[in-house]
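Report on one structure; see the data block that follows.
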Amino acid sequence: MRIFRVLRMSEKQDFLIDIDEILRAKAPDKYKKIPRFVISYLKKIAHQDDCNRFLSSARGKEGVDFLSGVLDFLEVKLNISGLENLPDDGLCTFVSNHPLGGLDGVAIGYILGTKYDGRIKYLVNDLLMNLKGLAPLCIPVNKTGGQARSFPKMVEAGFNSDNHLIMFPAGLCSRRVKGRIVDLEWKKTFVVKSVETHRDVVPIHFYGQNSNFFYNLANLCKMLGIKFNVAMLYLADEMFKNKGKTFDVHIGKPIKWETFDAGRNPSQWAEYVKDIVYKL
């Protein structure tokens, strides 16, 4: 069960989170047997009331205005260094570590969207398309199910568009590894496609972390061999735990696409860029 599918459309055409509705739709035979305390807990960790209050207040906001609204709602501040490294010409692929799994993406999108007048796109899970305010900035991808075959075409379309691209090459948000909060392996896609489309790569380091509970849960599930990303269910809760905080964002110098030559394979170049990010 994916908590981010818990969306319904109200009479005013606003998407709102509704845990009860999704459980009825996805498990009609079992819904009545689910203890109410379990449903209440799911509503709590998804921050159903808080999220719906924001979605209602953000009615009509789209793109960068929507991202700005999220930051304002959560009272998040940003300390940004390296703005002078953002290119004025050409299209780029912006890659970042992914420590928070949500709020970091919002912040980076706001920074770059402000710089480039909204000409940015995220390659994101297709579930986020349910958020009308965010949808204009998204290229939806789903590597599972029926859409899996179209994944390469959607990535291709994104890189051949007139928009700057924002990518989190690890896919998942960071984990605690040997006491450090770091991304898992970075996928090579951003290297391969940036070279093909002659896009320079701009590294970004977002400084932040989720709670110890989140990382302990993720590592426990890995240890137990649980394939479902249970920690994902707590990302909304983690986002609200970061309410009112200030985050540092460091933007590095662009890496010319010609850098990624035959001296290393694409996976090695992806690791090279990852190392640069963590040195920012």
Give a yes or no on whether Lys241 atom NZ has more than 12 heavy-atom contacts from other residues, nucleotides or ligands under 6.0 Å away. yes

Are Ile108 and Leu91 in one and the same hydrophobic cluster, where Ile, Leu, Val, Met, Phe, Trp and Tyr link if side-chain heavy atoms are under 4.5 Å apart? no

Residues in ring pair (Phe, Tyr, Trp, His ring centres under 6.0 Å) contact with Phe190, at least two apart in sequence or another chain: Trp186

Is the closest side-chain heavy-atom distance between Val70 and Leu67 below 4.5 Å? no

Which pairs with one or both residues in residues 198-211 pass salt bridge (charged side-chain N to carboxylate O under 4.0 Å, His left out), sequence neighbours excluded? Asp200-Lys256

Taking the side chain as everything from C-beta on, heavy atoms only, tell me whether Leu184 gets closer than 4.5 Å to Arg175. yes

Donor-acceptor pair, distance only, cut-off 3.5 Å: does the side chain of Ser68 make one with the backbone of Val64? no

Is any side-chain heavy atom of Asn163 closer than 4.5 Å to a side-chain heavy atom of Leu137? no

Just wondering, do Ile204 and Val95 contact through their side chains at under 4.5 Å, heavy atoms? no

To the nearest 0.5 Å, atom CD of Glu271 lies from atom CZ of Arg264 at 10.0 Å

Over all heavy atoms of both residues, which pair between Gly158 and Ser161 is shortest? Give the atoms and the distance, please. O-OG, 2.7 Å

So does Asp261 have more than 12 non-hydrogen atoms from other groups sitting under 6.0 Å from CG? yes

If you define the side chain from C-beta out and look only at heavy atoms, does anything of Lys274 sit under 4.5 Å from Asp183? yes

Inter-residue atom distance Phe168.CZ - His98.NE2, 0.5 Å rounding: 5.0 Å

Once rounded to the nearest 0.5 Å, what's the spacing between atom CD1 of Ile166 and atom OG1 of Thr93? 10.5 Å

Going by the rule ring pair (Phe, Tyr, Trp, His ring centres under 6.0 Å), which residues pair with Phe73 if we only count those two or more places apart in sequence or in a different chain? Phe54

State which residue, out of Phe94, Phe159, Tyr122, fulfils the ring pair (Phe, Tyr, Trp, His ring centres under 6.0 Å) condition with His164. Phe94

Atom pair NZ (Lys193) and CE (Met167), whose distance is rounded to the nearest 0.5 Å: 10.5 Å

Distance, nearest 0.5 Å, that separates CD1 of Ile120 from CG of Leu165: 10.0 Å

Would a single hydrophobic cluster contain both Val155 and Val192, if residues Ile, Leu, Val, Met, Phe, Trp and Tyr are joined by side-chain heavy-atom contacts under 4.5 Å? no

Side-chain heavy atoms of Trp257 within contact of Val201, under 4.5 Å: no

Determine all donor-acceptor pairs shorter than 3.5 Å in which one atom belongs to a side chain in residues 245-252; sequence neighbours excluded.
from: Lys245; atom 1: NZ; to: Asn242; atom 2: OD1; distance (Å): 3.1
from: Asp248; atom 1: OD1; to: Asn79; atom 2: ND2; distance (Å): 3.3

Which residue pairs pass the salt bridge (charged side-chain N to carboxylate O under 4.0 Å, His left out) test when at least one of the two sits in residues 93-122, sequence neighbours left out? Asp88-Lys115

Same cluster for Leu235 and Leu233 if Ile/Leu/Val/Met/Phe/Trp/Tyr side chains link at under 4.5 Å? yes

Between Tyr278 and Arg180, what is the shortest heavy-atom contact and its length? CD2-NH2, 4.4 Å

Let me confirm one number: the NZ-OG distance from Lys188 to Ser267, rounded to the nearest 0.5 Å. 5.0 Å

Over 12 non-hydrogen atoms of neighbours within 6.0 angstrom of NZ in Lys253: no

N/O donor-acceptor pair under 3.5 Å between Gln268 side chain and Asn265 backbone: yes

Scan the side chains in residues 205-215 for donor-acceptor partners under 3.5 Å anywhere in the protein, sequence neighbours excluded, and list what turns up.
from: His205; atom 1: ND1; to: Tyr207; atom 2: OH; distance (Å): 3.3
from: His205; atom 1: ND1; to: Val277; atom 2: O; distance (Å): 3.0
from: Tyr207; atom 1: OH; to: Leu280; atom 2: O; distance (Å): 2.2
from: Asn210; atom 1: ND2; to: Pro99; atom 2: O; distance (Å): 3.3
from: Asn210; atom 1: ND2; to: Leu100; atom 2: O; distance (Å): 3.3
from: Ser211; atom 1: OG; to: Phe214; atom 2: N; distance (Å): 3.3
from: Ser211; atom 1: OG; to: Glu238; atom 2: OE1; distance (Å): 3.2
from: Ser211; atom 1: OG; to: Glu238; atom 2: OE2; distance (Å): 2.7
from: Asn212; atom 1: OD1; to: Arg176; atom 2: NH2; distance (Å): 2.5
from: Tyr215; atom 1: OH; to: Pro99; atom 2: O; distance (Å): 3.3
from: Tyr215; atom 1: OH; to: Asn210; atom 2: N; distance (Å): 2.8

Hey, is the main chain of Lys61 close enough, under 3.5 Å, to the side chain of Asp65 for a donor-acceptor pair? no

Is any side-chain heavy atom of Val106 less than 4.5 Å from a side-chain heavy atom of Val76? no

Any Cys92 side-chain heavy atom under 4.5 Å of Val202 side chain: yes

